[in-house]
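The first residue of the sequence shown is numbered 1, and numbering continues consecutively from there. As the structure is a computational prediction, the values presented were derived from the model and not from experiment. Below, each value reflects all heavy atoms present in this structure, side chains not excepted, and no hydrogens, waters or symmetry copies.
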Amino acid sequence: MATQREIIEQLGVKPVIDVEEEIRRRVDFLKSYVLESRTTGLLIAISGGVDSATAAGLCKLATDELKAETGMDYRTVGVFQPCGEQPDIADSYAVAEALKLEHTVELNIGDSVDEIALEVEHGLKKLGIHRHLSVPGKGNIKARTRMVMQYALAFELNLLVVGTDHASEALTGFFTKWGDGAVDITPLSTLNKRQVRMLARRLGVPDHIIHKTPTAGLWEGQTDEGELGISYEDNCDFLEGKEIDPAVRDKLITIYEKTAHKRRPIPG
């Protein structure tokens, strides 16, 4: 069984961070990769939560600096992706406004998700299984459909797709596979949820977004902490090397080992 120290080392989390230093390092990382990939900027889906808001803030700084330094039109494109009606869609727009994003677009995934789910249910029926998709199953379709649309737009605009994965999610495997389907770059890696919130404050993310209950929005009432049965407070303490309840510590280690396949490259 892996130890707490080994997991921290594998995920690269620091017990204490300098917020300004972390922002600078991650902005430079984004700028360097945009130049290396010969793309024209970054695309980030803004869910209305703190993770995507923080990533968007870093992206905006990176492309603004590239534009100023080169005179070329580097841009960050913010994408809003409701599934039908999204009660908190105003939070996504509030993030874009606070960060002064010039380029935003709304892509509703509702009809596409329903069509995919219907086709899969037809497939199940042909296999002799007569039922609707499971709630988690349809939730994963939502996540992956969002990525299909992001990549379609990014391809046309020559942009990199930015992921919001961070160490607190990597610890529990709380993503479908390499984010919600795959991304090009993950500027929040090695930060835990608490540290993401620290960067968010410095970047000007609205307070109500920073303190919002974390959810992937995969089904009604779904929350990260409710689904996992572990608080982000304990998750972050674990990743900072602090002592936590032994039962919670052991549960986190068990989940980490169980979800190891999600963090590995495709085997072959």
Looking only at heavy atoms, what is the nearest atom pair of [X] and [Y], with distance?
X	Y	answer
Ala200	Ile210	CB-CG1, 3.9 Å
Ala154	Leu43	N-CD1, 4.0 Å
Ile230	Val248	CG2-CG1, 4.1 Å
Leu191	Glu22	CD2-OE1, 4.4 Å
Leu203	Thr54	CD1-O, 3.6 Å
Val95	Ala53	CG1-CB, 3.7 Å

For [X], does the [atom1] atom have more than 12 heavy-atom neighbours from other residues, nucleotides or ligands under 6.0 Å away?
X	atom1	result
Lys125	NZ	no
Glu97	CD	no
Asp250	CG	yes

Cation-pi between Lys67 and Tyr74: NZ/CZ under 6.0 Å from ring centre and within 45° of the ring axis?
-> no
Is it true that the NZ or CZ of Arg24 lies under 6.0 Å from the centre of Phe29's six-membered ring and within 45 degrees of the ring axis?
-> no
Do the side-chain N and O atoms of [X] and [Y] include a donor-acceptor pair separated by under 3.5 angstrom?
X	Y	value
Ser52	Thr164	no
Asn192	His166	no
Gln150	Gln81	yes
Asp184	Tyr151	yes
Asp88	Gln86	yes
Asn235	Ser168	yes
Ser112	Arg146	no

Point-to-point distance, once rounded to the nearest 0.5 Å, from [atom1] of [X] to [atom2] of [Y]:
X	Y	atom1	atom2	value
Arg131	Leu124	CZ	CG	5.5 Å
Leu159	Thr40	CG	OG1	4.5 Å
Lys251	Ile244	NZ	CD1	11.5 Å

Checking the side chain of [X] only, and the main-chain atoms of [Y] only, is there a donor and an acceptor separated by less than 3.5 Å?
X	Y	value
Glu121	Leu133	yes
Asn158	Arg38	yes
Arg26	Ala55	no
Lys60	Leu101	no
Thr259	Lys262	no
Thr186	Ser189	no
Gln4	Phe238	yes

[X] with [Y]: basic N within carboxylate O range, under 4.0 Å:
X	Y	answer
Arg249	Asp245	no
Asp51	Lys193	yes
Asp114	Lys138	yes
Glu233	Arg194	yes
Lys31	Glu65	yes

Check step by step if side-chain contact (heavy atoms from CB on, under 4.5 Å) holds for Asp165 and Leu188.
-> CA-CA 6 Å; Asp165 296 352; Leu188 303 183; over 6 Å; no
Residue that, paired with Val161, satisfies side chain to side chain contact (heavy atoms under 4.5 Å, CB included) out of Val79, Val183, Leu42 = Val183
